[in-house]
4 protein chains.
Amino acid sequence: MTVRTDRQADRRRQILEAAVHVFAKNGFHTSRVGDIAEEAGIAYGLVYHYFKSKEELLETIFRDTWTQMLERVREVESSSVPAREGVRQVTALLLRTWRRDPDLVRVLVREVTRSPHVQREIEEIGHAMKALEAIIRRGQEGGEFAPDVDARFAAVVWYGALDEVLTGWVLGQLPDKDGDIAEAERNIVALLVDGLAVRP
Amino acid sequence: MTVRTDRQADRRRQILEAAVHVFAKNGFHTSRVGDIAEEAGIAYGLVYHYFKSKEELLETIFRDTWTQMLERVREVESSSVPAREGVRQVTALLLRTWRRDPDLVRVLVREVTRSPHVQREIEEIGHAMKALEAIIRRGQEGGEFAPDVDARFAAVVWYGALDEVLTGWVLGQLPDKDGDIAEAERNIVALLVDGLAVRP
Amino acid sequence: MTVRTDRQADRRRQILEAAVHVFAKNGFHTSRVGDIAEEAGIAYGLVYHYFKSKEELLETIFRDTWTQMLERVREVESSSVPAREGVRQVTALLLRTWRRDPDLVRVLVREVTRSPHVQREIEEIGHAMKALEAIIRRGQEGGEFAPDVDARFAAVVWYGALDEVLTGWVLGQLPDKDGDIAEAERNIVALLVDGLAVRP
Amino acid sequence: MTVRTDRQADRRRQILEAAVHVFAKNGFHTSRVGDIAEEAGIAYGLVYHYFKSKEELLETIFRDTWTQMLERVREVESSSVPAREGVRQVTALLLRTWRRDPDLVRVLVREVTRSPHVQREIEEIGHAMKALEAIIRRGQEGGEFAPDVDARFAAVVWYGALDEVLTGWVLGQLPDKDGDIAEAERNIVALLVDGLAVRP
DNA sequence: AATGAATGAGTTTTCATTCAT
DNA sequence: TATGAATGAAAACTCATTCAT
């Protein structure tokens with residue numbers, strides 16, 4: 001039983017990985033279930049043993065990854081590091097984790113976020129936003145960040161910045177060697193925290 | 001000749017507007033060409049008189065909008081306003097499109113990466129990025145902005161911020177009354193230029 | 001009035017020639033009315049001023065050409081030349097006339113002959129067959145041709161031979177310089193009249 | 001594996017036979033894929049499981065038939081029967097296909113030049129011509145046939161004769177009872193070998 | 001579990017023909 | 001007479017999903 005369950009889990013993972021790859025390359029709507037099966041090296045009827053529908057694949061990809069990510073963001077949120085450090089840690093977390101799997105980013109960021117269907121997923125992203133917002137708000141309450149910027153907006157901007165940098169990497173528009181990632185992290189934090197203007 | 005050409009141009013516009021409306025409501029893939037024709041109040045086949053395919057409609061919407069947008073961004077870029085003011089103007093320009101034509105923004109935001117011809121769209125977006133970058137770089141050269149932030153990165157972050165705020169409005173996650181839009185503008189500029197940190 | 005009629009006739013001819021060319025190249029079903037108009041250098045609505053339908057074009061091409069041809073074959077038939085000479089004259093007539101306009105041959109021979117629709121045209125071809133048959137039969141009655149070959153069949157074979165040689169030229173499978181045409185004529189007559197076998 | 005492959009082959013054959021039947025009845029362009037599916041008693045989409053397009057059906061019918069036909073013609077060619085007997089056998093072979101499978105002949109005869117991929121069919125027919133030519137040439141070399149008729153031309157005429165007789169049957173212009181077919185065979189051979197002229 | 005044949009609704013696209021100008 | 005925009009019926013083709021083996 002355990003053995004079979006493991007095998008099942010492996011198959012599921014195998015199919016999910018293939019789906020991520022294919023969705024990333026062609027987009028959800030343009031991808032055919034057959035493409036995913038082919039990418040996974042299995043017969044395409046088998047996809048339906050493990051997932052109810054093509055849509056369920058997308059949802060699963062989203063939930064699996066996002067849940068993990070959200071947990072880790074919340075860990076930072078609930079630790080007591082200074083706000084600037086919190087911003088740095090979350091930025092690093094997202095950039096570095098996703099950097100490992102750019103295909104996943106494309107799917108999460110482009111397909112899920114913008115799919116008109118998946119209302120629930122949007123809620124989840126809302127949770128993530130709230131977590132970012134909380135970090136910023138704490139900074140404001142602790143006097144580290146200025147109170148005149150709306151925390152909610154700042155979270156959205158922050159999230160958008162991360163999203164766009166990741167997209168830039170995926171699409172090959174931004175340099176992404178190891179040093180570049182550290183540099184990106186530094187730049188994002190510098191921008192968000194210190195802004196562009198010359199400090200007097 | 002002129003009259004006829006004008007009529008044709010009107011029809012094209014009429015069809016494009018219907019397409020924007022329908023795509024905004026149902027998404028590109030879920031929209032049927034018949035819906036667009038019906039929305040435009042014309043016969044089915046006429047769509048194909050003016051556009052080669054459903055896909056060409058989407059591409060045209062992208063290209064037309066981006067071309068216009070880009071022109072106006074470049075106007076700002078080539079004017080001699082202070083950098084901060086330049087940032088404000090471009091931010092306002094993009095955000096206010098939401099108020100002017102929410103359906104258009106919906107389509108642009110949701111379907112960017114859906115087209116198999118993303119490559120060309122990416123080029124257009126790349127041009128826009130370059131324009132944003134130029135504004136920032138001029139600010140740095142003029143001593144108004146600090147030189148230690150990479151201008152290219154800053155442009156990406158800026159673009160990401162705008163995109164995400166628009167997405168927030170599209171998805172109904174952010175308030176978008178008139179005051180909210182002005183507020184968003186102010187917040188984005190404040191964040192980018194001054195940062196979160198309390199200024200001493 | 002006369003002038004206008006002439007103009008009309010010219011237009012008709014212009015359109016018919018374009019149609020022959022296009023049908024020959026793409027086949028009747030695959031050809032679009034627009035292609036014909038384009039080939040003729042006119043607006044495609046104009047085709048419908050001169051012809052009721054695409055089908056009528058085909059019928060007209062057939063009738064115009066075939067009627068002429070049939071008349072000339074009948075002239076040979078009703079002249080009193082020896083049968084062998086009759087065979088030669090008709091063979092020469094068809095090969096030489098059609099040789100000038102291979103496109104026309106393709107349309108007549110491939111499209112019309114084999115179209116399931118055009119029953120009347122098939123009848124016309126039947127008339128031509130009858131004319132060929134009459135020439136052969138007269139040869140048999142005059143003792144010049146052997147009576148043991150069915151004249152009707154011989155006519156079919158003769159027609160098929162002509163058809164296939166013309167097709168060979170159109171498709172570039174047979175050499176068709178000037179000398180080759182005379183040679184073809186000689187060969188066909190020799191075959192039909194004398195056969196392959198060595199005469200003792 | 002073998003079993004499954006056999007089943008697939010059966011389905012292919014089943015669909016091809018349905019296609020031949022439907023094309024014969026309505027012509028290629030007028031036939032709908034749905035008609036073929038219905039005739040075969042299968043679901044619409046299954047046709048596309050086995051064939052890429054409606055066109056591929058036609059091509060397959062051509063290629064399959066010609067390949068078989070060509071093989072059998074070549075058998076005659078490589079046997080050592082007298083040339084006259086060779087001519088008779090090949091003539092019989094082709095004409096009797098009509099009795100065996102009139103629908104197939106209908107499709108072959110009527111749609112040859114309809115396909116945009118005529119070129120390949122032409123090749124096959126070219127091969128057949130070459131085989132006919134070889135038989136005639138051998139007759140000439142063996143002294144049985146006169147050397148003054150061009151073998152290539154004779155092959156074209158022969159092919160044309162066969163094609164036209166079949167066309168006559170297809171169009172109902174020639175009688176095609178059992179006796180008629182034997183008679184046609186005899187007549188064609190007599191004409192080609194002995195000619196029309198009275199032998200002294 | 002695994003396969004891939006089978007299903008058929010749903011969509012895009014084409015193009016002959018009509019019609020307003 | 002000439003134009004080409006407008007119409008819409010007709011068909012090919014796709015592909016998510018089911019199902020027999």
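Here is the naming used below: chain letters follow the sequence lines, and residue numbers restart at 1 for every chain.
- Checked against side chain to side chain donor-acceptor pair (under 3.5 Å), Asp103(B) has the following partners two or more places apart in sequence or in another chain: His21(B), Arg106(B).
- For Asn26(D) and dA10(F), the CG to C1' distance is 15 Å, given to the nearest whole Å.
- Looking at residues two or more places apart in sequence or on another chain, you find a side chain to side chain donor-acceptor pair (under 3.5 Å) between Gln14(A) and Arg11(A).
- Shown for residues 14-23 of chain B: no residue has heavy atoms falling under 4.0 angstrom of DNA chain F.
- Atom-to-atom, CG of Asp10(B) to P of dA6(F) comes out at 11 Å; the value is rounded to the nearest Å.
- One interatomic measurement links the two molecules: CD of Glu56(D) to C1' of dA12(F), which rounds to 14 Å at whole-angstrom precision.
- Mapping Ser53(C) and Val47(D) onto DNA chain E via the closest heavy atom, the residue that lands nearer the 5' end is Val47(D).
- The side chain to side chain contact (heavy atoms under 4.5 Å, CB included) search around Thr65(D) returns Ile61(D), Met69(D), Leu104(D), Leu108(D), not counting sequence neighbours.
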Between the protein and nucleotides 8-10 of chain E, list the N/O to N/O atom pairs that are separated by less than 3.5 angstrom.
{"residue": "dG8(E)", "atom": "N7", "partner": "Gly45(D)", "partner atom": "N", "Å": "3.1"}

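- When the P atom of dT3(E) is taken as reference, atom CD of Glu38(A) falls 14 Å away, rounded to whole Å.
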Distance-only criterion, 3.5 Å: show the donor-acceptor pairs between side-chain atoms of residues 38-48 of chain A and protein atoms not counting sequence neighbours.
none

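- Annotation: side chain to side chain contact (heavy atoms under 4.5 Å, CB included) contacts of Thr60(A) (sequence neighbours excluded): Arg12(A), Leu16(A), Phe51(A), Glu56(A), Asp64(A).
- Toward the 5′ end of DNA chain F lies the nearest nucleotide of Arg11(B), the other residue of the pair Val33(A) and Arg11(B) mapping further downstream.
- DNA chain F is contacted by both Ile42(B) and Gly34(D); Ile42(B) maps to the nucleotide lying nearer its 5′ end (nearest heavy atom per residue).
- In this structure Arg63(C) satisfies the side chain to side chain contact (heavy atoms under 4.5 Å, CB included) test together with Glu59(C), Thr67(C), Arg120(C), Glu121(C), sequence neighbours excluded.
- In DNA chain E, stems built from 3 or more consecutive Watson-Crick or G-U wobble pairs, each with both distances under 3.5 Å, span E:2-21 with F:2-21.
- Listed pair Tyr48(A) / dC19(F) fails the phosphate criterion, with no side-chain N or O lying under 4.0 Å from OP1 or OP2.
- Looking only at distances, a side-chain donor or acceptor of Lys54(A) sits under 3.5 Å from a matching main-chain atom of Phe28(A).
- Rounded to whole Å, atom P of dT11(E) lies 11 Å from atom NE2 of His29(A).
- Separating the OH atom of Tyr50(D) from the P atom of dC15(F) is a distance of 19 Å, rounded to the nearest angstrom.
- Toward the 5' end of DNA chain E, the nearer of the two residues Gly41(A) and Lys54(B), judged by each one's closest nucleotide, is Gly41(A).
- Between Ile15(C) and Ile36(C), the shortest heavy-atom contact is O-CG2, 4.0 Å.
- A search for side chain to side chain donor-acceptor pair (under 3.5 Å) contacts involving Arg32(A) returns Asp35(A), not counting sequence neighbours.
- Here the CG-NZ distance, from Leu57(C) to Lys52(C), works out to 11.5 Å after rounding to the nearest 0.5 Å.
- At a cut-off of 3.5 angstrom, counting only N and O atoms as typed in the model, there is no donor on one side facing an acceptor on the other between the side-chain of His49(A) and the base of dA1(E).
- Judged by distance alone, the side chain of Lys25(B) and the main-chain N or O of Ser31(B) form no donor-acceptor pair under 3.5 Å.
- Protein atom CZ of Phe28(C) is 10 Å distant from nucleotide atom C1' of dA16(E), rounded to whole Å.
- The CZ-P distance, from Arg12(B) to dA6(F), rounds to 13 Å in whole Å.
- If you check every strand for non-hydrogen atoms under 4.0 Å, Phe51(C) touches nothing.
- Here the two rings, on Trp66(A) and Phe62(A), have centers that are under 6.0 Å apart.
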